[in-house]
2 protein chains.
Amino acid sequence: MKISELSKRSGLSIDTLRFYEKIGLIEPPPRDDAGRRDYPEAVLGWIRFLDQLNATGMKQADRIRYARLRAEGPATYAERRAMLETHRTEIARRLAELEETLALMDRKVAHYRALEDETQKETTNV
Amino acid sequence: MKISELSKRSGLSIDTLRFYEKIGLIEPPPRDDAGRRDYPEAVLGWIRFLDQLNATGMKQADRIRYARLRAEGPATYAERRAMLETHRTEIARRLAELEETLALMDRKVAHYRALEDETQKETTNV
DNA sequence: GCTTGAGCTGGAGTGCACTCCAGCCCGTAA
DNA sequence: TTACGGGCTGGAGTGCACTCCAGCTCAAGC
């Protein structure tokens, strides 16, 4: 798969794909005769996973560390598991935070509706 | 309340408090005779609310817009409510995303545990 | 065989949200 | 009365995560 196709299918820009390779998030893919990157299909799954870690707040440095451990093979299973467990904890914390704020938004919206009704009434009375 | 006390009680650094004032997130507080900021108690509640918007992913520009609307009074109730409703939708989206990834973390952790057991067995067999 | 377009590299630039700094003033304690 | 700590301002600097650019090569189509 050429870089332009991977870009379309992954949703990452071409520049970001090369950037991710440079910082070690994506393994350098094989090149064709002209020196152009030729990605394996499997990279798509990995990118989707990276996206999920990213979207749920894992820091770049940690994603890079995970990628490096992954490249080192079975010897790093325990360490990778520990990282995901840590991230799981962080996600749970953020879930609670979001739920709390969701409830707050609902209360505030209801409050504003009430205030708008008040304002409406006053306006009507004039 | 002096800025150092507000810093301690709000968890924001003194620099951040002044920065927030500069960009319009916090109203300029009255000054004492020496020209030093003297914050009202009420600012703490506002900062906590800002924190919550921040922690749940609202952009600086939007928080500033909300702060400006708030300063304009009752005429902006509807607009403020619309902003919070939009943010509520965004929070709900992120909740779903986090839940999905939480489940993924659990699956992956279980997977790694299984792999570690395998590795353990092999090592034992040698 | 020349134009076009995709891809390449190294490095500079961007936007966000702070964070730090120099050099100043002022009020209180020794 | 002077030393100190806290506060002030405007502006420069930081870290993160990209994003853009100049100037190059190469392959394929007309």
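Chain A is the first sequence line, chain B the second, and so forth, proteins listed ahead of strands; every chain is numbered from 1.
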Quiz item: Over how many whole Å does the gap from B/Arg37 atom CZ to D/dG6 atom C1' extend?
Solution: 13 Å
Quiz item: Contact class for B/Arg18 vs. all strands (heavy atom < 4.0 Å): base, sugar-phosphate, or nothing?
Solution: base
Quiz item: Considering only side-chain heavy atoms of A/Arg63, which listed nucleotide, C/dC8, C/dC18, D/dC18, is closest?
Solution: D/dC18
Exercise. Could you check how far CZ of A/Phe19 sits from P of C/dA12, rounded to whole Å?
Key: 16 Å
Quiz item: Can you tell me if the side-chain N/O atoms of A/Thr16 get under 4.0 Å from OP1 or OP2 in D/dT19?
Solution: yes
Quiz item: When you check the phosphate oxygens OP1 and OP2 of C/dA17, does a side-chain N or O of B/Tyr20 lie under 4.0 Å from one of them?
Solution: no
Quiz item: With respect to B/Tyr112, which candidate in A/Arg80, A/Arg81, A/Glu85 satisfies the side-chain hydrogen bond (donor to acceptor under 3.5 Å, both in side chains) definition?
Solution: A/Arg80
Quiz item: So, are A/Lys8 and A/Glu5 salt-bridged, with charged N and O less than 4.0 Å apart?
Solution: no
Self-check item: Whole-Å gap separating P (D/dG7) and CZ (B/Arg31)
Solution: 12 Å
Exercise. Please tell me which of A/Met58 and A/Asp33 maps to the more 5' nucleotide of DNA chain D, matching each residue to the nucleotide holding its nearest heavy atom.
Key: A/Met58
Quiz prompt | Basic-acidic side-chain contact under 4.0 Å: A/Glu27, A/Arg70 | solution = no
Quiz item: Rounded to the Å, how far apart are B/Leu17 CG and C/dA17 C1'?
Solution: 14 Å
Practice problem: Could you please name the option among C/dC18, D/dG11, C/dG7 that lies closest to any side-chain atom of A/Ile14? | Solution: C/dG7
Quiz item: A/Ile23 CD1 to D/dA17 C1': how many Å, rounded?
Solution: 8 Å
Practice problem: Indicate the atoms forming the closest heavy-atom contact of B/Met83 with B/Asp62, along with that distance. | Solution: CE-O, 3.2 Å
Quiz item: When you match B/Ala61 and B/Asp15 each to their closest nucleotide on DNA chain C, which lands nearer the 5' end?
Solution: B/Ala61
Quiz item: Taking for each residue the nucleotide of DNA chain C bearing the nearest heavy atom, is the 5' side occupied by A/Ser4 or by B/Arg36?
Solution: A/Ser4
Quiz item: To the nearest angstrom, how far is A/Ile47 atom CD1 from D/dC18 atom P?
Solution: 12 Å
Practice problem: Provide, to the nearest angstrom, the distance between the CG atom belonging to A/Asp32 and the P atom belonging to C/dC8. | Solution: 8 Å
Quiz item: In whole angstrom, what separates A/Leu12's CG from D/dA17's C1'?
Solution: 12 Å
Quiz item: Quick one: which of D/dG7, D/dA27, D/dC18 gets closest to the side chain of A/Gln60?
Solution: D/dC18
Quiz prompt | Short N-O contact, B/Arg93 and B/Glu90, less than 4.0 angstrom | solution = yes
